[in-house]
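What's counted below: heavy atoms across the whole structure, side chains too, no hydrogens, waters or symmetry copies. Just so we're on the same page: letters track the sequence lines, and every chain starts at 1. It should be emphasised that the depicted structure is a prediction, and the values quoted were computed from it without experimental measurement.
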2 protein chains.
Amino acid sequence: MEEFAAVSGISRPTVSKYFNDPESVRKSTRMRIEQALEQHEYRPNIYAINQNRRLTKSIGLVVPFLVDPFFAEIARNIENLIIATGYRPILLNSQGRSEHEVENLESLRSFRPAGVLIAPLGRESDRSALEAFCEDVPTVLFDSNISNIGHGFVGADNRQYARDIVEYLCRSGEPPCFFEMRTPANPNANKRRQSYLQTMEELGYEPHVISVEGTGWAFEDIGYRQGMAVIEKRLLQTNTVLCSNDRLAIGFLAACFEKGYRVGVGPQNALRVAGMDDHPFARFTCPPLTTVAQNYAAVSSSAVETLLTLLSLGDSEYPARREQLFEGRLVKRMSA
Amino acid sequence: MEEFAAVSGISRPTVSKYFNDPESVRKSTRMRIEQALEQHEYRPNIYAINQNRRLTKSIGLVVPFLVDPFFAEIARNIENLIIATGYRPILLNSQGRSEHEVENLESLRSFRPAGVLIAPLGRESDRSALEAFCEDVPTVLFDSNISNIGHGFVGADNRQYARDIVEYLCRSGEPPCFFEMRTPANPNANKRRQSYLQTMEELGYEPHVISVEGTGWAFEDIGYRQGMAVIEKRLLQTNTVLCSNDRLAIGFLAACFEKGYRVGVGPQNALRVAGMDDHPFARFTCPPLTTVAQNYAAVSSSAVETLLTLLSLGDSEYPARREQLFEGRLVKRMSA
DNA sequence: ATTAAAATTTTACGCGAGTAAACTTTTATT
DNA sequence: AATAAAAGTTTACTCGCGTAAAATTTTAAT
């Protein structure tokens with residue numbers, strides 16, 4: 001930087017100021033610097049930069065399971081938003097394991113990011129580790145809420161999701177059973193079940209929840225295996241199944257196919273199957289999956305905005321923890 | 001570190017040595033340091049560390065499209081291997097766009113990683129940018145080969161992939177048409193087509209390649225839309241379709257379903273459809289997709305090992321660029 | 001043209017480690 | 001026990017930049 005400052009004819013501290021915020025220097029000097037920049041392609045050393053900055057110009061982004069295209073897609077959205085605001089995203093994948101999640105937080109600690117966006121594993125998260133982290137680093141949770149952890153939460157309005165699709169299924173055919181994992185990794189599943197139960201009651205139908213065994217994040221496999229069992233044991237009380245999420249539904253559809261149950265609306269079909277989330281592949285299942293679409297864009301931008309607001313404030317003036325829930329949109333396809 | 005060295009009763013340079021390689025200090029001092037570590041939870045500042053190291057203890061990992069679970073899965077494998085070797089992975093997603101790929105390389109430059117593993121976009125990659133980068137940083141390519149770029153390549157033996165599945169399809173039913181994108185993003189597709197043509201010829205069948213329009217990385221969508229068109233125009237010369245990859249096949253299956261074509265083996269079905277890669281979701285399509293399984297583990301570990309070998313050598317003693325191709329395994333499922 | 005405000009330059013120090021060199025202590029070898 | 005080799009300690013310098021303070025110059029306002 002010393003040498004570069006010399007050739008550009010500007011003092012080093014001013015050049016340093018320029019790289020922190022090009023708008024903070026006079027236009028004439030800015031142009032001189034940028035002119036010199038074209039010829040000498042100097043770039044500040046990020047390690048030296050961050051050594052002296054309390055908080056770096058980077059934002060951590062932790063997702064629980066990147067092989068799930070749902071999270072890959074939301075991570076992609078958030079990454080782009082972070083870049084657009086001039087920060088650098090640090091993407092970390094917890095791979096469905098609590099140890100990895102904790103390691104990721106430890107790793108982020110040493111990166112000293114300005115803030116962090118995290119979609120926690122949920123039930124399997126190490127609550128105390130998360131809590132301790134959030135006290136040190138401005139953190140916004142998304143997708144999966146953990147009560148009173150972090151400085152805010154942005155996610156899906158699961159009650160509305162389940163209500164809307166249950167109402168749709170009921171008025172267009174037989175009322176749905178609810179197919180879910182008994183011990184879901186993700187708290188969204190519980191809210192969805194509760195909302196299913198409540199909506200069924202309000203509509204005057206008897207609810208039937210089918211809670212199947214299975215742990216981990218291989219939801220399709222669980223949906224498939226347990227779907228096979230459910231069909232063999234004839235546990236379905238009606239011809240309509242609402243799966244707790246699209247990935248379970250994808251597995252369930254595979255089980256239906258193997259068992260020779262035709263899925264779809266209309267008298268020629270044996271079953272109707274629906275999911276929730278509008279997984280990127282839900283359009284391409286056979287039949288295409290009826291579901292409730294997450295508002296990816298709204299969740300992503302709201303999470304980023306919430307964090308940026310925090311960053312613009314001092315630690316002392318943080319607002320109260322707010323939970324922002326976004327409604328989903330019913331997407332009628334051929335499966336139900 | 002000064003303070004921590006004081007409380008542990010060891011000199012700072014020795015503590016520094018310990019953090020660079022715990023095995024490099026005597027066992028007795030190592031234990032004293034680790035004992036002190038438990039009480040004071042000191043951790044070296046990574047920015048200060050990397051400021052003075054020519055190459056950092058991190059490895060860049062660039063993938064072209066993380067929303068594709070195939071890449072997410074291989075990235076997961078590689079990340080774990082990198083961590084196991086004591087390096088820190090820096091995961092970057094090119095999101096199917098050349099600009100992002102170049103930005104990722106620029107970003108990696110400032111991180112000064114010890115080495116980089118990259119699956120390039122392929123045809124859309126900025127060849128000169130990649131080439132320049134590989135001259136500065138030890139880089140191993142995987143999945144998608146670009147001739148003479150990087151210090152090595154690890155990927156699929158596409159000729160064997162196509163040969164094996166074409167032979168299988170031919171001996172178990174009608175010879176396959178080949179369904180592909182006309183301008184595939186990825187060079188693997190070309191090799192697969194060539195191998196299809198050659199194998200068909202060797203077996204004495206007339207090849208039929210159906211090259212459809214479509215750019216970008218939304219392969220399922222292209223497979224679906226163009227599959228619809230292909231069916232409508234009755235372009236299929238036989239009842240068997242080999243798709244250039246599983247994601248195209250997933251879209252094609254959706255088109256078949258919508259058009260009422262039953263897919264699978266046996267006389268009750270109208271079409272057989274197969275893919276290549278063994279995409280994580282290929283098991284759960286309806287019907288489950290017959291395909292050639294990538295050897296994820298072999299590709300991942302071989303890529304990492306190749307890079308680590310480079311890192312253990314000086315720049316002057318780099319071996320000649322080697323291309324390692326791994327065979328795929330034919331996976332017979334119900335679709336063909 | 002004065003004057004105040006804003007921007008820039010000079011100077012200097014600090015961040016938290018890596019690392020080299022010379023010296024001292026501990027360990028292993030004979 | 002003598003000796004060499006290995007490990008550890010002291011000391012001191014370096015990396016590349018952030019940043020504070022005081023002095024100076026430029027710009028804007030009156």
Closest to the 5' end of DNA chain D, once B:Arg12 and B:Ala48 are matched to their nearest nucleotides, is B:Arg12

Kindly say if A:Thr14 contacts the phosphate of C:dT9, meaning a side-chain N or O under 4.0 Å from OP1 or OP2.
yes

Separation of D:dT19 atom P from A:Phe19 atom CZ, nearest Å, is 15 Å

Among C:dG18, C:dT9, D:dC17, the one nearest any side-chain atom of A:Pro44 is D:dC17

Under 3.5 Å, N/O pairs linking protein and nucleotides 21-24 of chain D:
none

In terms of heavy-atom contacts, A:Thr14 and A:Ser11 come closest through OG1-OG, 3.0 Å

>> For a quick check of understanding: with a heavy-atom distance under 4.0 Å over all strands, which category does A:Thr29 fall into, base, sugar-phosphate or nothing?
In response: sugar-phosphate

Item to complete: Taking only Lys NZ, Arg NE, NH1 and NH2, and the carboxylate oxygens of Asp or Glu, determine whether A:Arg76 and A:Glu79 approach each other closer than 4.0 Å.
Response: no

Taken to the nearest whole Å, CD1/B:Ile49 to P/C:dG18 is 5 Å

note: B:Ile46, atom CD1; C:dC15, atom P; distance rounded to Å ~ 19 Å

Exceeds 12 heavy-atom contacts within 6.0 angstrom, atom CZ of A:Arg127: yes

When rounded to whole Å, the CD to C1' distance for the pair B:Gln51 and D:dT14 reads 9 Å

Out of C:dT10, D:dG8, C:dC15, minimum distance to the side chain of A:Ser11 belongs to C:dT10

Whichever of A:Arg26 and A:Val15 has the more 5' nearest nucleotide on DNA chain D, that residue is A:Val15

Here the distance between atom P of D:dG16 and atom CG of A:Asn45, to the nearest Å, is 7 Å

Task: Any B:Asn20 side-chain N or O less than 4.0 Å from OP1/OP2 of C:dG18 - done: yes

Separation of C:dG18 atom P from B:Arg112 atom CZ, nearest Å, is 13 Å

Between B:Ser16 and A:Gly9, whichever has its closest DNA chain C nucleotide further toward 5' is A:Gly9

Got more than 12 heavy atoms from elsewhere within 6.0 Å of CD, A:Gln35?
no

CG of A:Asn80 to NE2 of B:His100, rounded to nearest 0.5 Å, is 4.5 Å

Taken to the nearest whole Å, CD/B:Glu2 to C1'/D:dT9 is 12 Å

So A:Tyr47 and B:Phe111, would you call those rings parallel, tilted or perpendicular, with 30° and 60° as cut-offs? perpendicular

note: A:Ile10, atom CD1; C:dT10, atom C1'; distance rounded to Å ~ 14 Å

The side chain to side chain contact (heavy atoms under 4.5 Å, CB included) partner of B:Leu141 among B:Glu323, B:His151, B:Arg321 is B:Arg321

Closest to the 5' end of DNA chain C, once B:Tyr42 and A:Lys27 are matched to their nearest nucleotides, is A:Lys27

